[in-house]
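One structure is given here, and the rest of the page talks about it.
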Amino acid sequence: MNDKKTSLLAFVIGAPIGCLGGIMGLGGAEYRLPFLLKTFNKTAKKAVALNMLISLITIASAIFFRMNNFDIAVVSPQILLIISIIAGSTTGAYLGIGISTKISDILFKKVLLLLLLIMGLLLIIESFIPSGSMGIQFGSIYTELIVAFFSGIIIGIVSSLLGVAGGEVIIPILILIFGIDVKLAGTLSLIISLPTMLVGITRHVHNKMYTDKSEIGLLVVPMGISSIIGVSIGAFLVIYVPSVVLKIILGALLIFTSIKLFAEKESIS
């Protein structure tokens, strides 16, 4: 594949995935990952590292556009919860990157595909949960913040292993455990994901995963630009698109993709 075709294809792929980020509050990396693995023939570890850079662009732009749809007064009461989850997720992200460097690329790819399947199931399960879920009734604010911290560790490990923002894990946690409304959970998920991505990228820089400048210019830049365009559209549509139906469809697509990759033995051999 020549350079011009690579950049054009990256641009085309980035827009619809960015639109997903704007609508759902996701970085979209789990949908981007199969393209990086199969279409652009990147190794699992390289695909995850590049994925994080594009996810960072998607998340930052999604926060900007989505915040226009929410009164800051709705977000501010959740500040302590957000800080606790971020503290845990950044810790988990640091640990997860360390884990990824100690296992083979073959085993790592198998782990990635399994996590993709699990995330697809989480999306579908979440779609059947009422947006008005009351969550768990904690005895004190301190207990809630401790649970938030350890939930964040899980989020961070998954995020760093997959190179994703972790929204498919964060959003169900916010709804099921902390009783956050589904649309607000999407915005909080983006805010929580941002520092987690930064920690993961920092460790990938340390591991010299971004030394090939052509990958940045041919993949990250065009895909990042089109992601911003897609995010702006998705953030506009979030008010009108039924979240339940969308989550079921996206979850099903994610499961289909992971099963397809599992079935192709050459992709993990």
Side-chain angles (χ1 to χ4, degrees), residues 1-23 26-62 64-65 97 100-101 104-106 108-113 115-116 159-165 193-194 197-235 250 253-254 256-258 260-269:
M1 188 183 299
N2 60 47
D3 292 352
K4 185 176 181 180
K5 185 176 180 181
T6 298
S7 294
L8 180 59
L9 188 56
F11 185 87
V12 171
I13 291 170
I17 297 175
C19 186
L20 166 65
I23 295 174
L26 307 173
E30 52 279 78
Y31 300 99
R32 198 182 298 112
L33 182 61
F35 289 104
L36 291 171
L37 289 170
K38 300 293 292 182
T39 306
F40 299 107
N41 298 314
K42 299 300 177 184
T43 65
K45 293 177 183 178
K46 176 65 73 171
V48 165
L50 294 174
N51 214 355
M52 273 196 171
L53 284 179
I54 303 166
S55 291
L56 180 65
I57 297 170
T58 305
I59 291 166
S61 55
F64 174 79
F65 288 113
I97 296 294
S100 71
T101 60
S104 70
D105 195 70
I106 295 174
F108 187 55
K109 188 176 291 187
K110 291 179 181 179
V111 172
L112 294 184
L113 299 180
L115 288 173
L116 284 174
S159 173
S160 59
L161 285 178
L162 268 181
V164 303
S193 299
L194 190 59
M197 288 285 99
L198 290 172
V199 170
I201 289 170
T202 299
R203 292 220 65 188
H204 281 308
V205 169
H206 182 264
N207 292 333
K208 304 186 184 304
M209 297 301 289
Y210 302 125
T211 54
D212 188 344
K213 302 303 181 184
S214 66
E215 291 176 331
I216 306 299
L218 296 176
L219 284 177
V220 176
V221 172
M223 203 173 284
I225 292 172
S226 64
S227 293
I228 294 173
I229 296 171
V231 164
S232 66
I233 297 171
L250 293 174
L253 286 174
L254 185 53
F256 173 78
T257 300
S258 60
K260 183 174 182 295
L261 287 172
F262 266 123
E264 295 177 3
K265 294 182 180 179
E266 66 272 16
S267 69
I268 57 174
S269 62

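Computed over heavy atoms, backbone and side chain alike; hydrogens, waters and symmetry mates excluded. Predicted, not measured: the structure shown is a model, and the values here were computed from it.
- For the pair A10 and P222, the tightest heavy-atom approach, listed with the atom from each and the gap, is CB-CG, 4.0 Å.
- Separation of atoms CD1 (I229) and OG (S61) is listed at 10.5 Å; rounding is to 0.5 Å.
- Judged by distance alone, the side chain of S7 and the main-chain N or O of K4 form no donor-acceptor pair under 3.5 Å.
- The distance from atom CG of L56 to atom CD1 of I201, rounded to the nearest 0.5 Å, is 4.5 Å.
- Formation of a donor-acceptor pair under 3.5 Å by the Y210 side chain with backbone atoms of A49 is found in this model.
- The side chain to side chain contact (heavy atoms under 4.5 Å, CB included) test with L36 is passed by exactly one of I13, N51, T43, N41: N51.
- The main-chain N or O of G18 is never found under 3.5 Å from a side-chain atom of S227 such that the two would form a donor-acceptor pair.
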Stepwise side-chain contact (heavy atoms from CB on, under 4.5 Å) check, V48 with H204: CA-CA 9 Å; V48 165; H204 281 308; 4.0 Å; yes
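- In this structure, L33 and A47 approach most closely via the heavy-atom pair CD1-CB, 3.8 Å.
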side-chain contact (heavy atoms from CB on, under 4.5 Å) for M52 and M209? Distances and angles first, verdict last. CA-CA 11 Å; M52 273 196 171; M209 297 301 289; over 6 Å; no
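- Here the OG1-CZ distance, from T58 to R32, works out to 4.5 Å after rounding to the nearest 0.5 Å.
- Rounded to the nearest 0.5 Å, atoms CD1 (I23) and CD1 (I233) are 9.5 Å apart.
- With rounding to the nearest 0.5 angstrom, the OG atom of S193 is 11.0 Å from the CG atom of L198.
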Decide yes or no on side-chain contact (heavy atoms from CB on, under 4.5 Å) for I216 and L53, but give the supporting numbers first. CA-CA 9 Å; I216 306 299; L53 284 179; 3.7 Å; yes
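- With rounding to the nearest 0.5 angstrom, the CZ atom of F40 is 4.5 Å from the CE atom of M223.
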